Amino acid sequence: MDDKQLYAMRHSLAHITAQAVQHLWQDAKFGVGPVVENGFYYDIDLGETKISEDDFPKIEAEMLKIVDANYAFEQSKKSIDEAITWAKEAEQPYKHELLNDLKRAGTTVAKDLDAAELGVESTGDSAVESVSFYTDGDFTDLCRGPHATTTGSVGVFKLMRVAGAYWRGKSDNAQMQRLYGVAFQDQTELDTYLHQLEEAKKRDHRKLGQELDLFVFSPLVGSGLPLFTPRGTIIRDELTAFAETLRVASGFQRVSIPHITKTELYKVSGHWDKFGEELFLVKSQETSDEFALKPMNCPHHNQIYAARPRSYRDLPIRYFETTTVYRDEKTGELGGLSRVRSISQDDSHVYARRDQLQTEVGRLVSDVQTLYSALDMPLRARLSFRDASEKYLGDPELWNVAQATIRDLATENKLKSFEAEGEAAFYGPKIDFMALDAIGREHQVATIQLDFVQPQRFDLEYTDEHGEKQQPVMIHCAILGSIERFLSVYIEHTAGRFPMWVSPEQLRVIQVKDSPEVVNFVQQLVSAAREKGLRVTVDDDNQSVGKKIRDAEMWKVPYTLVIGEKEVQAERLKPRVRSDLAVLGGEEREYEVDQLLQSLANEIKARASKSSL
RNA sequence: GCCACCUUAGCUCAGUUGGUAGAGCACCUCAUUCGUAACGAGGAGGUCGCCGGUUCGAUCCCGGCAGGUGGCUCCA
């Protein structure tokens with residue numbers, strides 16, 4: 001089965017879903033029902049009636065009846081006026097609205113998917129002449145197709161969930177119920193998909209964060225405000241330390257700023273107008289000044305740049321800092337570490353001359369590549385450029401140069417990339433990096449953004465070789481991005497089996513007997529391991545060895561040593577190696593004590609290259 | 001912020017058609033001194049998320065709030 005057939009199949013199922021719902025609730029009003037990844041949905045307005053997952057068996061049974069009836073999908077055409085009459089008679093206000101828009105403007109004003117859904121025949125500017133309908137059995141819907149030939153040939157499906165969705169995606173419109181389903185060619189493919197969902201659930205960072213004791217939330221502290229435990233903090237620190245090492249090597253200087261500022265700062269930067277609602281405001285009891293928790297760092301960093309006169313010889317000036325910003329995200333949008341209200345960033349700002357852009361952006365691209373290759377995550381870059389609209393600020397010629405530069409760099413650095421027109425920020429083009437995780441999902445992570453606007457707003461300048469004042473270009477870059485979000489991605493990527501250098505606990509010593517000889521040996525082993533810089537713990541609980549081994553496995557500790565009388569006498573150790581590491585080359589064999597500790601210490605140092613394991 | 005669903009011991013979850021609750025794991029004590037994924041016995045642990053209403057009586061029904069989940073909208 002090719003993609004086209006699969007598409008037609010899923011699309012037909014969207015119709016069948018609506019048809020089944022209409023059989024069950026005669027007064028259902030329908031929105032649109034497109035194909036999405038792995039399946040389809042249909043937006044339905046049932047007034048006061050709420051569909052719940054308990055209704056799914058009922059709806060699915062009705063759908064199967066329609067499938068069994070094996071109705072043919074038949075296309076017909078109506079003139080736009082006939083279609084409007086049809087919508088009126090069928091009491092379908094949403095279809096009616098869409099058809100009216102079609103008649104008036106030739107396209108619907110809403111998303112592109114509307115147009116694709118509606119059977120728009122003419123793509124020109126002129127009003128639409130005729131529209132296409134599909135009928136199967138007792139159900140007719142405005143639709144361009146294509147469809148399966150009959151309702152009997154639509155593969156296997158399963159309704160997954162019901163969710164609220166705004167009519168035409170606008171939050172001031174009526175909210176409809178969106179019924180989601182997945183559909184595949186056969187049962188095996190559906191089972192595979194459902195199995196993948198289970199796998200994804202197993203590595204859900206919220207679950208692993210709980211199981212591995214990495215972070216917690218407290219209702220007293222507030223939602224979207226994660227608290228990192230000692231274990232979680234080690235992971236954070238290791239990852240940020242790595243990113244910081246790259247910064248230092250690239251000539252960045254660390255700076256440090258307070259977490260609040262007078263709101264005046266954002267009135268100058270322009271963020272107040274655009275994002276004022278997402279600021280946390282802070283009141284002074286002493287002065288009349290209004291303060292805000294910083295939602296970004298650039299305006300602060302700009303003040304450091306602006307504090308002295310700068311020469312063209314000083315540039316580029318590169319500041320970096322790992323720090324937290326605060327955004328009053330809407331509560332419904334928060335979730336785990338993926339979307340939080342205290343966002344830590346490995347943020348940086350370069351102030352550069354135009355002729356330095358290429359080198360500076362190139363260096364950042366290469367730092368991003370270094371980090372993600374060390375973390376075993378393939379990257380894809382989205383080159384986010386401007387489109388023809390008016391919303392972009394700054395010198396158009398500078399835009400052209402910058403976009404060309406970005407394009408060249410992508411080629412030079414052999415970046416897997418694609419261009420996205422209209423994705424640029426209003427202040428400049430950017431490169432957004434997407435990382436591919438171990439189960440094939442893409443996540444937006446690092447970002448490099450050129451900024452032509454803030455230097456102007458803040459009157460940033462330098463003196464060129466002719467004594468003239470010039471404006472620098474700013475480059476924003478975060479390699480990890482939001483560290484919280486990155487952790488959510490990385491925990492799921494590794495499924496909690498962190499590489500040695502990231503692991504909160506690198507070596508666990510299981511003490512078998514508490515005889516003085518064994519205790520003494522373990523103590524010496526632990527201090528020797530600490531001297532080598534290993535994070536080591538001892539399990540001397542009064543439990544069976546089997547139980548302690550199990551615990552170490554559950555905590556996903558990379559290396560475990562069982563120490564009893566045998567080891568004390570032989571002075572040779574055979575570590576138990578976490579299975580994924582063993583595959584990579586950490587073989588299970590016997591070592592002398594010093595030899596083993598040295599080899600583990602080497603593995604930590606080798607974080608950036610797997611080959612040296 | 002909007003829609004739907006959810007909240008019972010530290011964790012995972014039973015349960016009560018309205019008469020104030022239970023398991024497994026974890027924890028503590030005792031016993032055991034063990035050999036590479038769970039030894040055993042006993043104990044402690046709960047204002048059934050919070051506030052209000054209905055009721056003789058609410059963990060259960062109703063309302064509000066908080067927190068969570070899935071979406072929508074948004075994302076400097």
Side-chain angles (χ1 to χ4, degrees), chain A residues 36 41 43 45-46 49-55 160-180 201 204 206-207 210-211 213 216-225 266 269-279 294-299 325 327-336 338-341 343 345 347 425-428 430 444 447 449 451 453-454 476 478 481-482 485 508 510-515 518 540-555 560-567 574-577 579 588:
Chain A
V36 293
Y41 68 78
D43 282 346
D45 182 353
L46 287 177
T49 310
K50 301 296 176 205
I51 295 177
S52 83
E53 295 195 6
D54 299 337
D55 297 318
M160 295 302 284
R161 61 178 77 94
V162 58
Y166 296 110
W167 166 237
R168 304 176 96 172
K170 293 219 171 80
S171 60
D172 30 354
N173 280 344
Q175 185 136 22
M176 311 184 71
Q177 301 185 67
R178 178 168 295 180
L179 209 46
Y180 280 96
K201 233 179 182 175
D204 186 313
R206 289 166 298 200
K207 185 172 178 291
Q210 159 71 24
E211 287 171 4
D213 191 22
V216 295
F217 287 92
S218 154
L220 277 178
V221 174
S223 64
L225 299 169
Y266 302 123
S269 70
H271 291 107
W272 180 261
D273 286 335
K274 236 178 133 65
F275 301 106
E277 283 179 10
E278 291 188 35
L279 291 182
K294 67 178 158 86
M296 79 280 296
N297 306 307
C298 23
V325 299
R327 295 176 190 174
D328 196 0
E329 305 278 3
K330 298 189 173 97
T331 52
E333 290 159 359
L334 302 169
S338 315
R339 194 79 182 264
V340 293
R341 294 205 273 200
I343 306 155
Q345 303 175 321
D347 205 2
F426 71 91
Y427 48 72
K430 52 182 185 167
Q444 204 196 305
T447 179
Q449 311 184 350
D451 188 341
V453 171
Q454 279 200 49
H476 310 252
S482 151
R485 224 182 70 77
R508 181 177 292 199
I510 293 176
Q511 187 178 297
V512 175
K513 260 179 87 166
D514 52 7
S515 72
V518 172
D540 57 0
D541 278 1
N542 189 3
Q543 293 286 353
S544 71
V545 173
K547 166 72 171 160
K548 294 194 211 184
I549 292 287
R550 180 164 197 271
D551 280 347
E553 290 282 345
M554 306 266 276
W555 285 96
T560 308
L561 280 172
V562 177
I563 303 294
E565 271 167 3
K566 274 198 300 201
E567 286 75 14
K574 190 176 169 194
R576 191 183 163 92
V577 185
S579 58
E588 287 192 48

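Keep in mind that the numbers below use all heavy atoms, side chains included, and drop hydrogens, waters and symmetry copies. Throughout, a chain's letter reflects where its sequence line sits, starting with A, and its residues are numbered from 1. Keep in mind it's a predicted model, so treat the numbers as computed, not measured.
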Quick one, A:R341 and A:S223 - any side-chain contact, counting heavy atoms below 4.5 Å? yes
Classify A:G546 by what it touches in the nucleic acid, base, sugar-phosphate, or nothing, heavy-atom distance under 4.0 Å. sugar-phosphate
May I ask you to say what A:Y427 touches in the nucleic acid, namely base, sugar-phosphate or nothing, with a heavy-atom cut-off under 4.0 Å? sugar-phosphate
Contact nearer the 5' end of RNA chain B, comparing A:V162 with A:R341: A:R341
Check the geometry between A:F275 and B:rA76 and answer yes if their rings are stacked (centres below 5.5 Å, planes below 30°), otherwise no. yes
Are any side-chain N or O atoms of A:Q177 and backbone N or O atoms of A:I51, one a donor and one an acceptor, separated by less than 3.5 Å? yes
Not counting sequence neighbours, which residues clear salt bridge (Lys or Arg N to Asp or Glu O under 4.0 Å) with A:K513? List them please. A:E565
Measure the acute angle between the ring planes of A:H271 and A:Y266, then classify it against the limits of 30° and 60° as parallel, tilted or perpendicular. perpendicular
[X]: what forms a side-chain hydrogen bond (donor to acceptor under 3.5 Å, both in side chains) with it, not counting sequence neighbours?
{"X": "A:T560", "answer": "none"}
{"X": "A:D204", "answer": "A:R206"}
{"X": "A:Q345", "answer": "A:N297"}

Between the protein and nucleotides 40-46 of chain B, which nitrogen or oxygen pairs are less than 3.5 angstrom apart?
none

Taking a pair as Watson-Crick (N1 to N3 plus N6-O4 or O6-N4) or G-U wobble (N1-O2 and O6-N3), both under 3.5 Å, which stems of 3 or more consecutive pairs involve RNA chain B? B:1-7 with B:66-72, B:10-13 with B:22-25, B:27-30 with B:40-43, B:49-53 with B:61-65
Residue A:R550, side-chain heavy atoms: nucleotide from B:rC3, B:rA37, B:rG35 that is nearest: B:rA37
